[in-house]
Every structure is written in structure tokens, then in C-alpha cells.
Chemist: 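One structure is given below, represented as C-alpha cells, and several questions about it will come after.
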There are 2 protein chains.
Amino acid sequence: MARAGLTTERVVRAGAELADEAGFDQVTVSAVARHFGVKVASLYSHVKSSHDLRTGIALLALEELADRGDDALAGRAGKDALSALGNVYRDYAREHPGRYAAAQLRLDPSTAAASAGVRHARMTRAILRGYDLTEPDQTHAVRLLGSVFHGYVTLELGGGFDHSAPDSQETWNRILDSLDALLRNWPAN
Amino acid sequence: MARAGLTTERVVRAGAELADEAGFDQVTVSAVARHFGVKVASLYSHVKSSHDLRTGIALLALEELADRGDDALAGRAGKDALSALGNVYRDYAREHPGRYAAAQLRLDPSTAAASAGVRHARMTRAILRGYDLTEPDQTHAVRLLGSVFHGYVTLELGGGFDHSAPDSQETWNRILDSLDALLRNWPAN
DNA sequence: GCATTTACCTAAAGGCTTTAGGCAAATCAG
DNA sequence: CTGATTTGCCTAAAGCCTTTAGGTAAATGC
């Protein structure tokens with residue numbers, strides 16, 4: 001019987017594609033096995049558990065996002081950098097909704113520490129170098145940007161902004177403008 | 001055999017409690033049945049399906065949240081109202097993490113239209129009456145507030161702001177200040 | 001007190017997860 | 001190139017969750 005040539009890498013990647021097509025909560029060891037035309041038990045050589053599979057997808061997504069972020073930030077500063085990073089998250093979520101959902105998965109501390117999550121924090125801080133903030137304001141600002149980006153993308157993805165004028169793109173532009181203005185003019189205390 | 005006295009209401013409420021204690025993804029018809037000391041099949045007279053149970057919890061959460069919001073907004077305006085509504089979401093999420101997660105569940109359009117979700121939109125617009133915005137800026141602002149509140153609460157709940165100074169409360173205060181400043185001084189175009 | 005409704009039950013089928021143990025294909029040694 | 005080892009996928013099986021069908025007993029109503 002010919003072998004399917006599975007590896008952890010391929011299994012996780014197939015899971016990620018399934019997540020984008022059918023939703024992250026539809027990602028199941030069984031479904032991935034079906035995709036490869038293989039019995040379920042066979043996947044357990046490549047993935048420790050269902051949760052492990054999901055974690056793998058989350059780590060993949062975090063890394064892809066961080067890679068895109070690095071690319072987008074290269075050579076940019078100030079509002080340019082701000083918009084670029086915001087668009088990375090927004091575009092990624094629209095292109096890969098399942099992966100984006102996976103990236104929100106709560107990781108246990110040691111996994112999180114070894115993930116690309118730390119690169120994300122660094123990227124947001126890099127943006128703030130274009131503005132004049134020192135600690136602890138920088139941390140407040142990091143959290144604000146994280147909240148807005150994540151919140152907006154999540155609500156938009158959930159369809160919250162469909163079916164009503166003005167369209168979502170316009171609001172997004174206004175929000176980026178507002179954040180830029182806010183950071184340039186950060187309230188003293 | 002004595003009856004347990006189940007009703008849809010009680011079943012959903014038990015599900016909500018389970019969500020808060022164990023996480024929304026742990027909410028299962030079986031678990032709720034165990035809680036009542038009843039066979040699983042018995043719950044299917046009160047709840048159409050597992051999905052229906054989860055939807056019920058989501059609707060409950062949306063309503064509880066809207067009730068709290070109405071209370072909090074009564075007699076307040078401007079920054080006072082802004083803080084009050086923000087705190088409603090944040091406090092609710094901390095007190096009832098499972099219910100809050102449930103409230104994010106994607107509802108089908110007709111269910112959503114009949115839910116307390118519409119009250120939420122109204123509440124946010126009510127806040128903006130204290131600021132000088134007209135359409136379409138008002139809609140942009142509604143979306144911004146929604147994004148920040150939801151994003152912040154989600155990240156905080158996920159533990160994103162633990163283990164690092166300054167503490168989350170301080171950031172939250174600064175964010176409310178910033179939003180107020182931004183709304184008072186909304187960029188002309 | 002009897003009929004009807006209602007609440008909960010047993011039974012059963014189907015799906016997902018996970019572990020244990022087996023066989024055959026790929027890989028490697030001499 | 002052949003025999004030994006490793007590795008990949010398989011069968012089997014147990015446990016839990018969902019959902020439907022049909023039965024019995026408790027509550028309700030006349």
C-alpha cells in the first residue's frame with residue numbers, strides 16, 4: 001500500500017487550509033485524515049492530539065503574520081508604519097480567517113514564549129519609535145494599538161460592519177488617522 | 001421517579017454558569033445533563049441542539065450586558081457615559097468570561113436582529129450624543145469604540161496584559177481618557 | 001378518577017479522540 | 001543485493017458527545 005508521505009508540517013498546513021475554508025472550530029484530526037485519504041489513527045504519529053494540531057496552526061499563523069509584519073515595516077516609520085502593520089493584520093484576517101482565529105488561541109506560557117508572539121510585541125514597539133513616547137506610555141500605547149487592531153479585525157470578520165454605510169474601508173482609514181493623531185499628540189498624563 | 005423541573009430557561013442558565021466556570025467551549029449538552037443529574041436525551045426537549053444551547057447562552061449574555069449598559073448610562077453623558085459603558089463590558093467579561101465569550105458567537109442574521117445586539121448599537125450611539133459628531137463620523141466612532149472595548153477586553157481576558165508593568169487598570173484609564181479626547185476633538189475629515 | 005399532556009427514560013446509531021498492537025514499505029548494513 | 005531495522009500507516013477497541021425514536025410515569029385538567 002503506497003504511503004501518503006505525511007509529516008507534522010504537512011498535517012498542520014492542511015489543518016490551516018481547512019480552518020480557512022471551513023472555520024477553525026471545524027478543524028479536527030478526523031477531517032485532516034480524510035483530506036489525506038488516511039485513517040485517523042495514522043495522524044497521531046505526527047500530531048500528539050487534537051489540541052496539539054490546533055496549537056500547531058496557531059504557531060504557523062503567528063509566524064506568517066510576523067513575517068508579513070517584518071516585511072511591511074521595513075523602511076517605514078511613523079504613520080506609514082502604523083498603517084502598514086494595521087493592514088497586515090487586517091489583510092491576513094481577511095485572506096486567512098481560520099488561521100487568524102487560530103492565532104487567538106490561548107497558548108500555555110512556555111509555548112507562547114517560544115512562539116512568534118514575541119515578534120509581534122516587538123513590531124508594535126518598533127512603530128512607536130516614530131512617535132515620542134517613553135515608558136510607561138509606550139506600553140499603554142502598545143496595548144491600545146493591539147486592542148484596536150485586534151478588535152476591529154475581529155468585528156469586521158464577524159460581519160459586524162456589513163450592510164451599513166459607510167463602508168468598512170473608510171472607517172478603517174479614519175481609525176488609522178485617529179491613532180496617528182493620538183500618538184503624535186499623546187496626552188501628557 | 002421525581003422530576004428535575006427543567007425548563008429551557010434553567011438549562012440555558014446552567015449552561016451559562018458552566019461556561020463561566022469551565023470555558024464556553026466546554027459547554028456541552030452532556031455536561032449540562034450531568035449537572036442536573038438527568039439523562040442527556042432529556043435535555044433535547046428543552047433545547048433543539050448543542051448549537052441551540054450555545055445560542056441561548058449568547059442571547060442571555062447579550063441581554064444581561066445590555067441591561068447593565070442601560071443602567072450604567074442612565075443619567076450620564078460625555079466622558080462619564082463613555083467610561084461607564086466601557087466598564088460595563090470590561091467588568092462583565094471579568095465576572096463572566098464564559099458568557100462574554102458566548103456573546104461573541106456569530107448569530108445568523110434573523111437571530112441577531114431579534115437579539116439584544118441592537119440595544120448595544122443604540123447604547124454606543126447614545127454616548128456619542130455627548131460629543132459633536134454627525135453622520136458618517138458617528139458611525140466611524142461607533143465602530144472605533146466597539147473595536148477598542150472589544151479588543152481590549154478580549155486581550156486582557158486572554159492574559160495578554162498579565163505579568164508586565166504597568167498594570168492593566170492604568171492602561172484602561174489612559175485609553176478611556178484618550179478616547180474621550182479623540183471624540184471631543186474629532187478630526188474634521 | 002380518568003384522560004391527556006408533559007417530563008424524563010432506554011435504546012441505538014454515528015462521529016471524534018486516543019491508545020495499543022500489527023504488518024509492510026522504506027532505509028540502511030554488510 | 002539481501003537481511004535487519006526503522007518508520008508509516010493500518011485494524012481494533014474504548015470512551016465520550018450528539019441526536020433521534022419510541023416508551024413509561026408523573027403532573028395536569030376535566
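Reminder, nothing fancy here: chain letters follow the sequence lines and each chain counts from 1. Heavy-atom basis, side chains included; hydrogens, waters and symmetry copies ignored.
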Chemist: I need the CZ-C1' distance between B:Arg34 and C:dC9, as an integer number of Å.
Modeler: 18 Å
Chemist: Separation of B:Lys39 atom NZ from D:dC17 atom P, in whole Å?
Modeler: 12 Å
Chemist: Check the phosphate of D:dT18 against B:Ser30, side-chain N and O only, distance under 4.0 Å to OP1 or OP2. Yes or no?
Modeler: yes
Chemist: Around B:Asp167, counting heavy atoms of other residues, nucleotides and ligands shown, do more than 12 lie under 6.0 Å from its CG?
Modeler: yes
Chemist: In this structure, how many angstroms lie between the C1' atom of D:dC17 and the CG atom of B:Asp25, rounded?
Modeler: 14 Å
Chemist: Taking CG from A:Leu6 and C1' from D:dC10, how many angstroms apart are they, rounded to a whole number?
Modeler: 13 Å
Chemist: In this structure, how many angstroms lie between the C1' atom of D:dC10 and the NE2 atom of A:His46, rounded?
Modeler: 12 Å
Chemist: Check whether the side chains of A:Ser168 and A:Tyr152 place a donor and an acceptor atom closer than 3.5 Å, and report yes or no.
Modeler: yes
Chemist: Out of A:Leu144, A:Asp137, A:Leu133, which one pairs with A:Leu183 under the side chain to side chain contact (heavy atoms under 4.5 Å, CB included) rule?
Modeler: A:Leu133
Chemist: Specify the separation, in whole Å, of atom CG of B:Leu43 and atom P of C:dC8.
Modeler: 9 Å
Chemist: Below the 4.0 Å mark, does C:dC16 have OP1 or OP2 next to a side-chain nitrogen or oxygen of A:Thr28?
Modeler: no
Chemist: Looking at A:Ser42, does any N or O in its side chain come under 4.0 Å of the phosphate oxygens OP1/OP2 on D:dG8?
Modeler: no
Chemist: Of the nucleotides D:dA21, C:dA20, D:dT18, which one has an atom closest to the side chain of B:Ala41?
Modeler: D:dA21
Chemist: Find the distance B:His35:NE2 to C:dC8:C1' and express it as a whole number of Å.
Modeler: 17 Å
Chemist: Please say whether more than 12 non-hydrogen atoms of neighbouring residues, nucleotides or ligands are located less than 6.0 Å from CG in A:Asp67.
Modeler: yes
Chemist: Using whole Å, what does the distance between atom C1' of nucleotide D:dT19 and atom CG of B:Leu53 come to?
Modeler: 14 Å
